[in-house]
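What follows is a set of notes on a single structure, which appears directly below.
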Amino acid sequence: DLCLKYHFEIICFMYMSRLGCPDTLTHEQISSFIMNNFNRLEKDTPEKLVHFHSINKYLIMAHNQNDFSLLEQIVANHEKFPIEQIYEQYGEQLEQTLRKPPTIQSHCGVLEKIFAYFKKALNSEEKKIILETISEFKDGNQSLNNVLLQLEEMTRKFNKAFLVRQTYFLLYAKMNS
């Protein structure tokens, strides 16, 4: 399974990147990892680009929502450009997007979008806890890791396979010793 292989690569990358380093990856490390994986893609079918884009959706969105929308338009390829041109455009835009570090505000936007997948299934107390944690993160009183752990727990509890595969959960999480 392509997704399982990608997650294994992420775990290996995280381990190697964090040897003798802090327990979280830097913006540069994350961006470099994503670009390296894009550059290693076999650029022969639209499906491979769609898959890459879909599992990196929230990570890209955390960098810049408007750029994410531009990347979505490139992937959609409404103009019916040749596949080589699509990959080239996507790669150039992705590189430009990843140069911009995520902000607390952009992370909060992503966290709220992820939260929206569960809000109807949660009781009022569960909603309150998650929203308070996001608010505390926004105010600088909570780590991104803690919010991600809560949301990741929800993805598994409610079996949201699309979210479980997101690189955002893996690359922005803290690595436990």
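In this chain, residues are counted from 1 in sequence order.
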(message) Counting only heavy atoms from other residues, nucleotides and ligands, does the tally under 6.0 Å from CD of E42 exceed 12?
(response) no

(message) With clusters defined by side-chain heavy atoms of hydrophobic residues (ILVMFWY) lying less than 4.5 Å apart, directly or transitively, does I129 cluster with V147?
(response) no

(message) Quick check: closest heavy atoms across C108 and F137, and the distance to 0.1 Å?
(response) SG-CD2, 3.7 Å

(request) With the side chain counted from C-beta on, respond yes when T167 and F33 share a heavy-atom pair under 4.5 Å apart, and no when they do not. (result) no

(request) Please identify each residue that fulfils side-chain contact (heavy atoms from CB on, under 4.5 Å) with N66, with sequence neighbours left out. (result) N64

(message) Please check: side-chain N/O of S106 versus main-chain N/O of H63, any donor-acceptor pairing under 3.5 Å?
(response) no

(message) Would you compute the distance between atom CD of E112 and atom NZ of K119 and round it to the nearest 0.5 angstrom?
(response) 9.5 Å

(request) Output the distance between atom CG (N77) and atom CD1 (I86), rounded to the nearest 0.5 Å. (result) 3.5 Å

(message) Please determine whether side-chain contact (heavy atoms from CB on, under 4.5 Å) holds for the pair K113 and Q65, giving the CA-CA distance in whole Å, both sets of side-chain angles, and the decisive distance to 0.1 Å.
(response) CA-CA 12 Å; K113 285 182 185 302; Q65 176 67 46; 3.6 Å; yes

(request) Would you check if the side chain of T155 reaches a backbone N or O of E152 as a donor-acceptor pair within less than 3.5 Å? (result) yes

(request) Drop me the distance from S124's OG to K128's NZ, to the nearest 0.5 angstrom. (result) 8.5 Å

(message) Quick test of your reading of the model: are K157 and E126 salt-bridged, counting only N-O distances below 4.0 Å?
(response) yes

(message) Is there a side-chain contact between N56 and F68 in this structure, where contact means two heavy atoms from C-beta onward sitting under 4.5 Å apart?
(response) no

(request) Using the six-membered ring wherever Trp is involved, compare the ring planes of F162 and Y117 and label them parallel, tilted or perpendicular (cut-offs 30° and 60°). (result) tilted

(message) With a 4.5 Å cut-off on side-chain heavy atoms, are L163 and F118 touching?
(response) yes

(request) Over all heavy atoms of both residues, which pair between M35 and G91 is shortest? Give the atoms and the distance, please. (result) CE-O, 3.9 Å

(message) Looking at K127, I want to see if its NZ is surrounded by more than 12 non-hydrogen atoms of other residues, nucleotides or ligands under 6.0 Å.
(response) yes

(request) Evaluate the criterion side-chain contact (heavy atoms from CB on, under 4.5 Å) for residue pair F52 and V75; output intermediate values, then yes/no. (result) CA-CA 10 Å; F52 175 87; V75 171; over 6 Å; no

(message) Whether the T97 and Q93 side chains hold a donor-acceptor pair (N or O, under 3.5 Å, no angle test) is what I'd like checked.
(response) yes

(request) Could you tell me whether the side chain of D139 and the main chain of N141 form a donor-acceptor pair under 3.5 Å? (result) no

(message) Please report the interatomic distance NE2(H51) to CZ(R165), rounded to the nearest 0.5 Å.
(response) 7.5 Å

(message) Check this for me: K100, atom NZ, are more than 12 non-hydrogen atoms of other residues, nucleotides or ligands nearer than 6.0 Å?
(response) yes

(message) Counting only heavy atoms from other residues, nucleotides and ligands, does the tally under 6.0 Å from CD of Q85 exceed 12?
(response) yes

(message) Given 3.5 Å as the limit, does a donor-acceptor pair link the side chain of S31 with the main chain of E28, or not?
(response) no

(request) Taking all non-hydrogen atoms of both residues into account, name the closest pair between I134 and F115 and its distance. (result) CD1-CB, 4.5 Å

(request) State, to 0.1 Å, how close Y87 and L41 come at their nearest heavy-atom pair, and which atoms those are. (result) CE2-CD1, 4.1 Å

(request) Check whether any side-chain heavy atom of L111 lies under 4.5 Å from a side-chain heavy atom of L148, and answer yes or no. (result) yes

(message) I'd like to know if the side chain of Q166 reaches the main chain of S54, judged simply by a donor and an acceptor atom lying under 3.5 Å from each other, with no hydrogens or angles considered.
(response) yes

(request) Please name all residues satisfying ring-ring contact (aromatic ring centres under 6.0 Å, His included) with Y90, sequence neighbours left out, ordered by chain then number. (result) F38, H53

(request) Could you state whether L70 and Y58 fall into the same hydrophobic cluster, counting links through intermediate Ile, Leu, Val, Met, Phe, Trp or Tyr residues with side-chain heavy atoms under 4.5 angstrom apart? (result) no

(message) I need the M61 CE to S69 OG distance, nearest 0.5 Å.
(response) 7.5 Å

(message) In the structure I gave you, are the side-chain heavy atoms of D44 and I83 within less than 4.5 Å of one another anywhere?
(response) no

(request) Return the set of residues passing salt bridge (Lys or Arg N to Asp or Glu O under 4.0 Å) with E47 (not counting sequence neighbours), or none when no residue passes. (result) none

(request) Decide yes or no for E136 and N146: does some side-chain heavy atom of the first lie under 4.5 Å from some side-chain heavy atom of the second? (result) no

(message) How long is the straight-line distance from CD1 of I60 back to CG of L98, given to the nearest 0.5 Å?
(response) 6.5 Å

(request) Decide yes or no for H107 and V110: does some side-chain heavy atom of the first lie under 4.5 Å from some side-chain heavy atom of the second? (result) no

